[in-house]
Amino acid sequence: MLDKTYQPAAVEGRIYDEWQESGAFAAGAGAPDNADSYCIVIPPPNVTGSLHMGHALNNTLQDILIRFERMRGRDVLWQPGTDHAGIATQMVVERQLMENQEPSRRDLGREAFLDRVWQWKGESGGTIINQLKRLGASCDWSRERFTMDDGLSRAVLEVFVTLYHEGLVYKDQRLVNWDPKLHTAISDLEVMQVETKGHLWHFKYPIEGEAGRFITVATTRPETMLGDTAVAVHPEDERYADLVGKHAILPLVGRRIQIVADEWADPETGSGAVKITPAHDFNDFEVGRRHDLPMVNVLDPEAALLLAGNDDFIRGVSPSDDLNETLELHGLDRFTARQKIVERMEARGLIDKIEEHVHKVPHGDRSNVPVEPYLTDQWYVDAATLAKPAIAAVRDGRTAFVPKTWEKTYFDWMENIQPWCVSRQLWWGHRIPAWYGPDGAVFVERSEAEAVVAAEKHYGRSVEIAERLDALARWQKADVAEASPVTLYRDEDVLDTWFSSALWPFSTLGWPDETPALGRYYRTDVLVTAFDIIFFWVARMMMMGLHFMKDVPFHTVYIHALVRDEHGAKMSKSKGNVIDPLDLIEDYGADALRFTLAAMAAQGRDIKLAASRVAGYRNFATKLWNAARFCEMNGCRRVAGYDPMASRQTVNRWIAVETARTAAEITAALEAYRFNEAAGAVYRFVWNTFCDWYLELAKPVLSGDDEAAKEETRAMSAWVLDHILALLHPFMPFITEELWRLTGEEGPARETMLVLAGWPDLDMFDEAAADEVNWLVDVIGQIRSVRAEMNVPPAAQLSVIIAGAGTETRRRLATHDTAIRRLARAQSIELADNAPENAVQIVVGEALVCLPLAGVIDVGAERARLDKELQKVEGEIGRIDKKLGNTQFLEKAPEEVVEAEREKREDATALKAKIEQAIGRLARVA
RNA sequence: GGGCGCGUAGCUCAGCGGGAGAGCACUACGUUGACAUCGUAGGGGUCACUGGUUCAAUCCCAGUCGCGCCCACCA
C-alpha cells in the first residue's frame with residue numbers, strides 16, 4: 001500500500017544509486033546495435049564550485065533531452081566533467097591561505113602552491129558533481145573528465161603547438177587589459193564596463209618657445225600624463241593648425257612632446273586637443289604607432305607609479321626641480337598619484353577647468369578593480385582566421401542556434417573578433433609549452449624532451465633546462481655562441497581557462513587519439529547553455545572544433561534564459577536574493593524543482609523563480625502519487641499484451657486516444673526544444689484529464705457490478721498510468737521511477753527500469769468517443785455550474801430531467817447514467833418530452849437539461865443567469881453577422897474560415913433559441 | 001553610439017493574423033473512502049499608446065512612451 005504522500009528525500013538517493021548500479025547512464029545503455037548516437041557535452045562547471053540556479057536549469061534541460069532520447073532508443077552519451085577555472089580557483093585558494101594566515105602563494109612557490117590547489121580540488125571537487133546527482137543528472141559518470149586531466153592536457157598541448165606551427169598562435173607585444181590586482185593579462189571578454197562618476201580635468205600644456213601660450217587637453221586620468229609623448233589635434237582643425245609640428249612641454253616632467261595632426265582627435269570633444277599616452281591607452285597606442293612616438297610606461301604591474309630607474313621616463317628630459325619633485329611620487333598607487341598630480345597642476349595654475357563626468361571604466365570581471373591598458377608580451381590566437389569557417393558553418397546551417405535570434409549576436413561578434421590573448425600570469429592552469437633560449441629563441445613543443453631536441457638542433461650543442469628564470473640572466477651573447485650546454489627556460493605563464501574549454505567537445509572524447517567514442521559521438525548533437533557564454537565558449541568551440549575535427553562540434557546550440565529572483569533581479573550574494581537549488585530540493589524534491597524550471601523555460605525570456613511555484617509542482621507530484629495510490633487500491637494491474645483500442649467502454653477509448661495525443665504533443669515539443677510546452681502538456685493531461693475526469697468517471701464503474709467493464713477499466717487505468725510515468729520521466733525522473741517499481745510488483749514483470757523503458761509512440765484515433773466524452777463533460781460541468789450559482793448545498797441530491805433528447809443523446813444518457821448521477825450529484829435522471837415548470841434549464845446540444853428546483857430556485861437569480869447566457873450568445877451572433885455581412889470578408893477570406901463562421905452562427909442561433917424558450921418558461925412560472 | 005528583447009488577469013508568464021489563456025493569488029462552498037500538498041464553482045483583462053497594412057490585428061509594419069540586457073576606444 002502506497003503512503004498518502006510521496007517523500008522525495010526517502011526515495012531520491014536510493015533511486016539514483018540504482019540507476020548508476022544498473023549502468024543505465026553508461027554510453028549507449030539500452031540502445032540497439034544500430035542505434036543513432038545522441039551526445040551532449042556538459043558545460044563543465046568550476047571544479048571547486050557549487051550548484052546554483054543557473055546550473056540547475058541548464059542541467060535539467062540537458063537531462064530532459066538525454067532521458068527523452070535514451071528512452072527513444074538512441075545511443076546516448078551525456079559527457080560530464082569539470083573545469084579547472086584558472087583565475088577563480090587560484091583566487092579561492094589564495095584567499096584560504098590568507099584567512100588561515102599561511103604563507104602566501106609567492107612565499108610558497110609555484111610547486112607547493114599548485115600542490116595546495118590540487119589538494120583543494122581533491123577536497124571540494126566532488127561537491128558539484130554530487131549536487132548534479134542530487135538533481136538527477138543522468139551523465140555517464142564513468143567518463144567524467146577534468147580539464148587538467150592528463151588526457152585533456154595532452155589535447156591542450158597538441159592544439160597549442162599545432163596552432164603555433166601553423167602561425168595561428170603567436171607572441172606579440174602590445175597593450176593588453178592588465179588586472180593590477182591579480183597581476184595578469186585578461187581577455188577583452190573578461191573586462192566589464194562599469195559606469196563611474198569621475199571628473200574631466202582640463203590641463204594646460206605650455207607651448208615650447210611661446211611664453212604664455214598653452215594647449216589645453218582634457219583627461220579623466222591625470223596620472224597617465226607622466227607618460228604623455230604627444231598632443232594630437234585634428235588635421236583640419238584650424239584652431240590648432242599653426243601648432244602642428246611644434247612641441248609642448250609636459251608639465252611636472254619637462255619632456256618635449258610633439259603636437260601631431262591625427263584624425264583620432266575629435267574637434268567636437270573637449271578642447272579638440274587630446275593628450276597622447278601610447279603606453280596606457282588603446283587609442284593612443286594606435287596614434288603612437290602612426291606617428292612613431294616614444295612609448296613611456298609609467299606604471300608597474302600593481303599600477304603604482306614606476307618612475308625611479310625608469311629610463312623611458314627620464315629619457316631626453318633635463319633635470320629640474322619639477323622633475324625631482326615628480327620622481328618622489330614613485331611607488332604611489334595610481335589613485336593617490338592622480339590626486340597628487342592634480343594638486344601640483346593646480347598649484348602651477350595649469351588647470352583650465354574641472355568638470356563632473358560620468359563615464360564607463362573598464363573593470364576586471366573577477367577582481368572588480370579598474371584594469372590598465374598595459375604593454376606586455378603575451379600569447380595570442382589569431383581568432384579572425386579561425387572565425388571564418390565558424391561563421392560559415394552557422395551561415396549555411398550546419399550549426400543552428402535556438403532561438404535563432406542569437407545567431408545575429410554570434411555573427412556580430414565573430415565578424416569583429418580581435419586577437420585572443422590566451423596567456424595568463426597565473427600558476428593554476430596549463431603551462432604554456434614554450435621554452436626560451438638565452439638569445440630569445442623560442443621552442444614550442446609538446447614536451448620538454450621535444451623542446452630539448454629542437455633546441456639542440458637549433459644551437460648545434462647540448463641543452464639543459466633551467467629551474468629558475470635567473471639562470472638565463474647569467475648568459476651573455478658570447479656564452480650562447482660558445483658555452484655548452486645552453487640553458488632553456490620554460491614560459492611561466494598558463495593558458496586562459498577557456499582555451500581548454502574550447503576543446504571540450506573532442507578532448508573529452510579522447511582526442512588527439514582516434515578513440516571509438518570520438519568516432520561515435522563527434523559531432524555531438526546539442527549544446528545547451530545560457531547566452532552569457534556564447535562568446536567565451538560557444539564561439540571558441542566552433543573555431544577549434546572546425547579547425548581540428550573538420551566538423552562542427554554540435555548541430556544545435558540551445559540558448560536558455562538566465563534564472564533571476566521572483567522580481568527579476570539578478571541573483572547575487574551581495575543582494576542576498578540567491579535561491580539555493582539544494583534548499584529547494586530539500587524542501588520540495590528534485591522532481592518539483594526540475595519540473596518548475598522546465599515549465600518556465602519558455603524560449604527567449606528570463607526565468608523569475610518563486611518558491612511558491614516549486615511548491616505548486618511538488619503538489620503535482622503528490623497528485624500523481626495519489627492517482628497511483630487510487631489505482632493500486634482499486635486493483636488496477638497492468639495486463640500483459642494489453643490492447644487499449646480493443647476497449648468497449650467509450651471513456652476507456654477516449655482516454656487511450658488522449659494518451660496518444662498527449663504523447664505526440666510532448667514528443668513534438670521536446671523535438672522543438674519547447675520545454676515549457678512539453679511540461680504543460682503532461683501537466684494538463686495528468687491533472688485535468690486523467691485525475692479530474694478519467695479517474696472520476698472510472699469510480700462508478702469500479703464500484704459498480706459490471707465485471708467486464710470493471711476489468712477493462714482497471715487494465716486501462718494501469719495502462720494510462722504506465723504511459724504517464726514514461727512521458728513524465730524526463731521531467732520527474734525520481735517519482736516516476738519509484739512508481740514504476742511499485743506498480744511493477746504486480747502484473748507482468750518489468751523488463752527494465754523506467755530510465756531505459758521505451759518512449760510512448762502511439763497512433764490511435766476515435767472521434768466518436770471524443771465527442772461523446774466532451775458531451776458528458778459538458779453536461780456534468782453545466783449541472784455543477786448551476787448548482788453552485790443557485791447555491792444548492794453539495795449534499796442535496798437533485799433529480800435531473802432531460803427534455804427533447806434525440807436518439808443519440810438518449811443512448812449516451814443511458815450509458816453514462818451512473819457517471820452523471822455521481823459527478824453531478826443527481827438522484828435520478830429522467831427523460832421527458834417537455835421541460836417541467838419551476839426548473840433551471842440548461843442547453844446541451846439539442847436537449848434541455850432541467851433541474852427542478854422548486855422551493856430552492858430563486859426565479860430572479862435564474863432569470864439573471866439566463867439573461868447573461870443570452871447576452872453572451874447574442875454578442876457572439878452579432879459579431880459573426882457583422883463578418884458574414886461583409887462582402888469583402890466573403891470574397892477574400894479562405895473558404896474554410898467562412899464556412900467555420902457559418903457553422904458557428906448556426907450553433908449559436910440554436911443555442912439562443914433554447915435559451916429564449918427557457919426564459920419563456922420561467923416567465924410563466926413567475 | 002550600435003544591437004537585442006520585453007510591456008497580455010493582482011503576481012509570474014504562455015499565446016503571436018480569424019472565438020482573450022495557464023499557474024499562483026483571490027472569493028464562495030465542500031471531512032464525496034486517491035489526494036485539504038485536495039475538490040467544485042466563481043470574480044478579474046479598451047492584450048502599453050498612436051498610426052498603418054489587411055475582409056479581419058493582442059498577433060504583421062512604423063512611430064511614441066516605459067523597462068531590461070548585450071556590445072563599443074571617445075579624451
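The figures that follow rest on heavy atoms only: side chains count, while hydrogens, waters and symmetry mates do not. A, B, ... follow the sequence lines: proteins, then strands. Residue 1 opens every chain.
- Remark: P of B:C74 and NZ of A:K360 are 8 Å apart, rounded to the nearest angstrom.
- Using a 4.0 Å heavy-atom cutoff across all strands shown, A:C691 reaches at least one base atom of the nucleic acid.
- A distance of about 11 Å separates the P atoms of B:C61 and B:C6, rounded to the whole Å.
- Remark: the A:K408 side chain and the B:C4 base include no donor-acceptor N/O pair separated by less than 3.5 Å.
- Side-chain atoms of A:F535 lie closest to B:C71 of the nucleotides B:C71, B:A75, B:A34.
- Taking every side-chain heavy atom of A:H359 into account, B:A75 is the closest of B:A75, B:G18, B:C38.
- Summarising the base pairing, B:G42 is matched to B:C26 through a Watson-Crick or G-U wobble pair whose two defining distances lie under 3.5 Å.
- At least one donor-acceptor pair under 3.5 Å links the side chain of A:R787 to the backbone N or O of A:R825.
- Closest to the side chain of A:Q888, out of B:A75, B:C55, B:G42, is B:C55.
- Straight-line distance from the CZ atom of A:F675 to the P atom of B:A22: 25 Å, rounded to whole Å.
- Within the 4.0 Å cut-off from OP1 or OP2 of B:A75, not a single side-chain nitrogen or oxygen of A:S271 is found.
- For the pair A:L697 CG and B:U40 P, the interatomic distance rounds to 12 Å; values are reported in whole Å.
- In the set B:A41, B:A75, B:U12, B:A75 carries the atom at the smallest distance from any side-chain atom of A:V274.
- The A:M600 side chain lies nearest to B:U12 when the options are B:C73, B:U12, B:A34.
- Of the N and O atoms on the side chains of A:N688 and A:Y683, not one donor lies less than 3.5 Å from an acceptor on the other residue.
- To the nearest whole angstrom, the two C1' atoms, one in B:A48 and one in B:A9, are 15 Å apart.
- In this structure B:U32 sits in no base pair that meets the Watson-Crick or G-U test at under 3.5 Å.
- In this structure, of B:G15, B:A41, B:G19, it is B:G19 that holds the atom nearest to the side chain of A:E876.
- Across all strands shown, A:W264 has heavy atoms under 4.0 Å from base atoms, whether or not it also approaches the sugar-phosphate.
- Distance noted for atom P between B:G43 and B:A20: 16 Å (whole Å).
- When the C1' atom is compared between B:A36 and B:G45, the two are found 31 Å apart, to the nearest whole Å.
- Between A:N676 and B:C13 there is no side-chain polar atom (N or O) within less than 4.0 angstrom of OP1 or OP2.
- A:R825 comes within 4.0 angstrom of a base, heavy atoms only.
- Among the heavy atoms of the strands lying under 4.0 Å from A:T269 is at least one base atom, whether or not backbone atoms are also near.
- Residues A:D266 and A:R684 both approach RNA chain B. Their nearest nucleotides, taken by heavy-atom distance, put A:R684 toward the 5′ side.
- Contact annotation for A:E901: backbone-only contact, meaning every heavy-atom pair under 4.0 Å involves sugar-phosphate atoms and none involves a base.
- Applying the 3.5 Å distance criterion, the base of B:U37 shares a donor-acceptor pair with the side chain of A:R618.
- Looking at A:N416, its side chain does come within 3.5 Å of a backbone N or O of A:D412 through a donor-acceptor pair.
- Separation of the P atoms belonging to B:G7 and B:U12 is 12 Å when rounded to the nearest angstrom.
- Nucleotides B:G63 and B:G23 are separated by 38 Å at their P atoms, to the nearest Å.
- Nucleic acid contact class of A:E696 (heavy atoms, under 4.0 Å, all strands): base.
- Base pairing analysis places B:C67 opposite B:G5; the two distances defining the Watson-Crick or G-U wobble pair are each below 3.5 Å.
- Judged by Watson-Crick or G-U wobble contacts below 3.5 Å, the nucleotide B:G21 has B:C13 as its partner.
- Ring geometry, A:H359 versus A:H357: the interplanar angle falls from 30° to 60°, so the pair is classed tilted.
- B:C47 sits 13 Å from B:C13 when the C1' atoms are compared, rounded to a whole Å.
- Regarding A:L884, its CG atom lies at a distance of 13 Å from the C1' atom of B:G19, rounded to whole Å.
- If you measure from atom CG of A:D365 to atom P of B:C71, you get 11 Å, rounded to the nearest angstrom.
- Residue A:E355 places no side-chain atom within donor-acceptor reach of the base of B:A75, judged by atom type and a 3.5 Å distance cut-off alone.
- Distances shorter than 4.0 Å separate some side-chain N or O of A:K699 from OP1 or OP2 on B:A34.
- Relative to the side chain of A:E677, the nucleotides B:A34, B:A41, B:G15 differ in distance, and B:G15 lies closest.
- Between the CG atom of A:L2 and the C1' atom of B:U37 there is a distance of 16 Å, rounded to whole Å.
- Between A:F620 and A:W687, the angle of the ring planes stays under 30°, which puts this pair in the parallel group of the 30/60° scheme.
- Among A:H280, A:E372, A:K275, the single residue meeting the side-chain hydrogen bond (donor to acceptor under 3.5 Å, both in side chains) criterion with A:T224 is A:K275.
- The two atoms that bring A:F401 and A:V394 nearest to each other are CE1-CG2, 4.1 Å, heavy atoms only.
- Regarding A:K4, its NZ atom lies at a distance of 10 Å from the C1' atom of B:U31, rounded to whole Å.
- Residue A:A273 is out of contact with every strand shown, counting any heavy-atom pair closer than 4.0 Å.
- If you check every strand for non-hydrogen atoms under 4.0 Å, A:P373 touches nothing.
- Between A:K883 and B:A56, a side-chain N or O to OP1/OP2 separation shorter than 4.0 Å is absent.
- At the heavy-atom level, A:W687 lies under 4.0 Å from the strands shown only through sugar-phosphate atoms.
- Rounded to whole angstrom, the span from the CZ atom of A:F411 across to the P atom of B:C4 amounts to 14 Å.
- Inter-residue side-chain proximity for A:L375 and A:M295 is flagged as met; some heavy-atom pair is nearer than 4.5 Å.
- Looking at heavy-atom distances under 4.0 Å, A:N886 makes contact with sugar-phosphate atoms alone, never a base.
- Taking 4.0 Å as the cut-off between side-chain N and carboxylate O, A:R334 and A:E223 do not count as a salt-bridged pair.
- Judged by Watson-Crick or G-U wobble contacts below 3.5 Å, the nucleotide B:U58 has no partner.
- For the OP1/OP2 pair of B:A75 and a distance below 4.0 Å, the side-chain nitrogens and oxygens of A:H357 include at least one atom meeting the criterion.
- With both ends at atom C1', the span from B:U53 to B:C69 equals 31 Å, rounded to whole Å.
- The nucleotide whose nearest atom lies closest to any side-chain atom of A:N619 is, among B:C55, B:A34, B:C38, B:C38.
- The cationic group of A:K699 lies under 6.0 Å from the six-membered ring centre of A:F630 and within 45° of the ring axis, placing it in a cation-pi geometry.
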